[in-house]
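Chain identifiers are assigned alphabetically (A, B, ...) following the order of the sequence lines, protein sequences preceding nucleic acid strands; residue numbering begins at 1 within each chain.
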Amino acid sequence: MIKLADIVQWIHQWLTDVLPAFWATIAANALAGIAILSLVLVCVIICVYMERKVAAFMQLRLGPMRVGKWGSLQVLADVIKLLLKESFVPTRADKILFVVAPVLVLTVSLMALAPVSFSDGVQMWDMNIGVLYITAISSLGVIGVLMAGWASNNKFSLVGAMRAGAQIISYELSAALSILAIIAMTGTLSMNELVQSQADGWWIFKGHIPAVIAFVFYVIAATAECNRAPFDLAEAEQELTAGYHTEYSGMQFGMFYLTEYINMIVVSIIASTLFLGGWQPFHIYGFTAFNQVMDYIPQFFWLMGKVFFIIFLMMWFRWTFPRLRIDQLLKLEWKYLMPISLVNLIIAALCTVMGWHF
Amino acid sequence: MNREELKAYLTETFPTATIGDTFDFPLIVVAKENLLEVVGKLKNAPETKMDFLFCETAVDRIEQFEIVYHLTSTTYRHDMVLKVMLDKPELPELPKIDSVYSLLEAAEFYENEIFDLFGVTFDGHPNLRRMILGDEWPGYPLRKGYEYPDIEQTLK
Amino acid sequence: MEPIINFAADVEKTDEFVVNIGPQHPSTHGVLRFQTTLDGEIIKDIVPIIGYIHRGIEKMTEFLSYKQSIYLTSRMDYLSSFMNNQACALVVEKACGIEVPARAQAIRILMCELQRLASHELWWGSCTMDVGAVTPFFMAFRDRETIMDVFEANTGNRLTTNYILPGGVMMDILPDFIPQVKEILRNLKNFLPEYEALVNGNFIFQKRMKGVGILTKEQAISLGVTGPVARASGISCDVRKLHPYDGYEKLDFKEVVADGCDSWTRYLVRLEEMKQSIHIIEQLIDNIPEGDFRTKTKAVLKAPEGEYYQRVETARGELGVYFVSDGTAKPYRMKFRSPNFSNLAVAKPLNVGAKIGDLIASMATIDLVIPDIDR
C-alpha cells in the first residue's frame, strides 16, 4: 500500500536531486505550504457546506439546493460573490488597521497549522514544542479581532471586540490546562510524539476520568475560543448586529469568515491529536481482524474523520443552544471551568506518577 | 363600586366638579387647577383606588381642548373618565396643564404624544419631547383645521 | 464584605458612551430606536425613540367613514389585525346600536383566538431567536404558516385581514374551515410539548430568563402595562374576562396570571395563553351557530353625538378605542390606545442597570410590534 509519507518522501528526494540544497528546502517548504493551504481551504468549503446542511436539517429545512447537485456549488458561488463585492472602508475608520486586521487574523490561524501531524511522517515542521506553539499562536488572533473592532470606529464593533478579548483570553486558560493534563501523561510537547504515544489506545480511553474531563472542557473552551454559539458573544447578531466585523464587507469579511472555520479546524485537529489519537486508527484490544480492517483506512482519513466529528459537535451546539450573557460566560470560565481544570490537572499528574493509566 | 355608586361618591367628594356621563363610564370634569389634587385623591382614597391610567388623550373642541383621562382601579375594577377643559390660545402660544406623571407614570408617553400632536405643554413632565414627529415638524397635526405642510419643503 | 481597595471606583474610571440600538437592528423587530447610554456592557440610561413609521392613522380616520376606518386599524398591530378590526367594529356597533348575529360573534372569536395563537407562535420564535437560539424560530414558523393559510383562504389576506366589520364579518367561513382548524389544533397539541422540550428545559435559556427584567406589580400598574406582560407581574387585566365582548362570557377559559415578574414568567404566561386559546377554539369549533354572518347595515353609518370607549384583548394587551362622535358620518376623534405604546414604557425600569444581552432578552419578552406604537 502506498503511504502518504512515501509520496512526500519521494517529492522531497526529487527536489534535492534536481536542485541545490538551499533551493530545495525553499521549494519543499513552499510546496508544503501550498499543500496545507489548499487542504485547509477544501476543508473550509466542506465545513461551510456542512454547516448549512446541518443547520438546515436541524431547522426543518433543506438548505442550499439550487447551485449544483444538492447545492454543492453554493459555497463556490458565495466565494465569487464575496470576491466581486467592494471591500468598503468607512470614512472615519483607521484605514491601516482596518485593512491589516483581517489579514492578521487569517495569517495567525494559518500559522497554527505548521506543526500538525497529518499522517505518519507527514508533517511540515516537527518541532519539539508543537502544542505550545499552537496555543501561543492561536491566542494571537485576538489582537486582530481587537484591531478590527477598534479600527472600524463603530460602537457595536468595539463592544464586540472587547467581548472577544475578554472571552478568548479567559478561555485560553482552561483550554491550556486541559491540554496540560494530557501533556502530563505523555511527557512530550511534540505533535508527532503525542500521536505516537496513542498507538496502543487513545488518551480518552487510556487516561481515565482526567482525560475525559479534559476532553469535554477542551471542546467547551475551544468552542468559546472560536467565537461559536453558545459563546458567540463577540458577534452576537441579535445584540451587536455582527460584532467586530460589522463594518467589513467583500473579501475582508470573507477573511473573517474563513478564519472562523480555519480556527474550528485547528482546534479540532488539536483535540483529535491529543485525545482521539490523531491519525491512529481505532483499535479494540484483542480483535485482531477488526484492527487490521481499521488499519486499511488511510491514516489521513482517520484524522479528518475525527476532525469533522468534533466540528459536527460544535455545529450541533451552535444550532441548538441559546447564547450566554457576558457575565455568565466569564463566570462559567473563572468559577467553574478553570478551578475544575486545575484540580483535573493535579489528578492527571497523580495518575501519571502512580502509573494508573495504561 | 358600580357606576351609580361611583357617581354618587364623586358628587359627594368633589363638590366643585361637574359630574356627568359618557356612554360607558361616569365622567367628572374638573378645573385645571384642581387636576393633581383630584387625581391624587382618586388614586389614594381607599374607596376608589384609581391607580391605573389606561388612556390619556386630548380632543380639539375648536374653542377649547379637552384633556381626557381614563382611569381604572386594579383593585375594584371600576372605571371612570376625568376631563379637564383647557383654553386654546393662538399659536405659537401653547396651552399649559399640570402633568400627572408624578402620580401615574403611564402619563409620560401619553403626554409626550399629546404634546407632539396637539401642542399642549405639561408642567412637571420629566422629558417632554416631540416623540413621534420630531422637533422639526411644523404645527400640531391632530388639531382641527391643521394645514398640511408642503412635504417637499418639510423634508428639505 | 467590602473590598479593601475599590478598584471599580478609583482605578478603573470609565467613560460612558451612547449607542443607538436601532432603528435598523436585527432584534428591535421593526424601526424602533433605543438610545442607550452604556458604561461598558451596563446600561445606564435608555430612551425609546419612536415615530419612524408614524402614519397618522388617528388623523386619517377623521376624513373617513366609520367603515373605512376599519381598514386602517389592520395596519396598526399587524399581528393582531383581527382584534384591531374587532375593537373598531365593536365601538361603531355600540355607538350605532347594531346587533351582531351569533354566528358572526362565534366566527370573530375563532379568528381572534387563531390570531392570538399565530401571534404567540411568532413571538415564541423571535423571542428564542433574540436569546440566540435560531432553530426554534423555524419550528414556530412551520406551525404559524398553517394558521396563516387558513386566514388567507378565508379572508383573502395573511396579515392585514380587514375581516371584521360593523355588523358581523366580511364573508362567511369556507366549508373546509372547520376540518382545517381541527387539524391545526391537533398539530399544535403535539408541537407545544415539543417547544417546551426544546427550549424550556435548556439551562442557558433559563439562566438568561430567570430573574432578568424584573417588572414589579407596582411598576406595572403605575406604567399602565397590560396584556401578558402585566399578567406576568400579577395584575389580572384580561379584558376578555373583565369586560367580556362578543360572547367571551359564555366560554370557559382561565385568565393566566402569574407573579414571577421576570422574563421567564412572561415567557411561561404566553405559552400558557396558547393552551387557553386552543381550549377556547375547541369549545367553539363544533358549535358555530347557523344564521347570518352579518347584519345588513346602512351604507353610511352615523353615530349619535357622544363618547364611546371599547376595549379588546389583543395578543399584546388591551386595545382601547376612544371614539368621539359629533353626529356626522365621520369620527370627530378616534384615539387608539394601543397596548404596545403603553408597554414600551417598561423599557426604562426594566433595563437600567442591566446588560446589553439582557436588554435584548427582556424586550423580546415584552413582544413589541412597532407599527402599533407609532400608529
Heavy-atom pairs under 4.5 Å with chain B - which of C/Ala220, C/Ser236, C/Gly224 has more of them than the others?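 Max contact count across the listed options: C/Gly224.
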
If you count heavy-atom pairs under 4.5 Å with chain B, which of C/Tyr309, C/Tyr52, C/Tyr308 comes out on top?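 Among the listed options, the one with the most contacts to chain B is C/Tyr309.
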
Give a yes or no on whether the backbone of C/Tyr332 and the side-chain of B/Lys144 come within a donor-acceptor separation of less than 3.5 Å.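 Here the side-chain-to-backbone pair exists.
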
Spell out, as yes or no, whether a donor-acceptor pair under 3.5 Å connects the side chain of B/Arg77 to the backbone of C/His243.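 Not at all, since once roles are kept as given, no pair shorter than 3.5 Å links the two residues.
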
Over all atoms of both residues, closest heavy-atom pair of B/Tyr110 and C/Ser342: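 The pair with the smallest heavy-atom distance is OH-OG, 2.7 Å.
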
Which heavy atom of B/Phe109 sits nearest a heavy atom of C/Pro48, and at what distance?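 Looking at all heavy atoms of both residues, the closest pair is CZ-CG, 3.7 Å.
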
Just checking C/Glu99: does its CD atom have more than 12 heavy atoms from other residues, nucleotides or ligands closer to it than 6.0 angstrom?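 No, the 6.0 Å shell around CD holds no more than 12 heavy atoms from other groups.
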
Below 4.5 Å from any heavy atom of chain C, which atoms of [X] appear? Answer side chain, backbone, both or neither.
{"X": "B/Leu117", "value": "side chain"}
{"X": "B/Val81", "value": "neither"}
{"X": "B/Asp116", "value": "neither"}
{"X": "B/Arg61", "value": "both"}
{"X": "B/Arg130", "value": "neither"}
{"X": "B/Phe25", "value": "side chain"}
{"X": "B/Ala107", "value": "neither"}

Counting heavy-atom pairs under 4.5 Å to chain C, which of [options] comes out on top?
{"options": "B/Thr74, B/Leu133, B/Asp79", "result": "B/Asp79"}
{"options": "B/Leu53, B/Leu27, B/Asp51", "result": "B/Asp51"}
{"options": "B/Val59, B/Thr72, B/Leu104", "result": "B/Val59"}

Hey, are the side chains of C/Arg337 and B/Thr57 touching, using non-hydrogen atoms and a 4.5 Å cut-off?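 Not touching, per the 4.5 Å side-chain cut-off.
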
With rounding to the nearest 0.5 Å, note down the distance linking [atom1] in [X] to [atom2] in [Y].
{"X": "B/Glu66", "Y": "C/Arg333", "atom1": "CD", "atom2": "CZ", "result": "11.0 Å"}
{"X": "B/Glu113", "Y": "C/Glu58", "atom1": "CD", "atom2": "CD", "result": "5.5 Å"}
{"X": "B/Met131", "Y": "C/Leu344", "atom1": "CE", "atom2": "CG", "result": "6.0 Å"}
{"X": "C/Tyr322", "Y": "B/Asp24", "atom1": "OH", "atom2": "CG", "result": "10.5 Å"}

Given the rule in the side-chain contact (heavy atoms from CB on, under 4.5 Å) test, do B/Glu105 and C/Lys348 qualify, once you have shown the distances and angles that lead to the verdict? CA-CA 12 Å; B/Glu105 286 178 48; C/Lys348 200 164 184 171; over 6 Å; no

Please state whether the side chain, the backbone, both or neither of [X] comes within less than 4.5 Å of a heavy atom of chain B.
{"X": "C/Glu62", "value": "side chain"}
{"X": "C/Leu242", "value": "side chain"}
{"X": "C/Ala95", "value": "neither"}

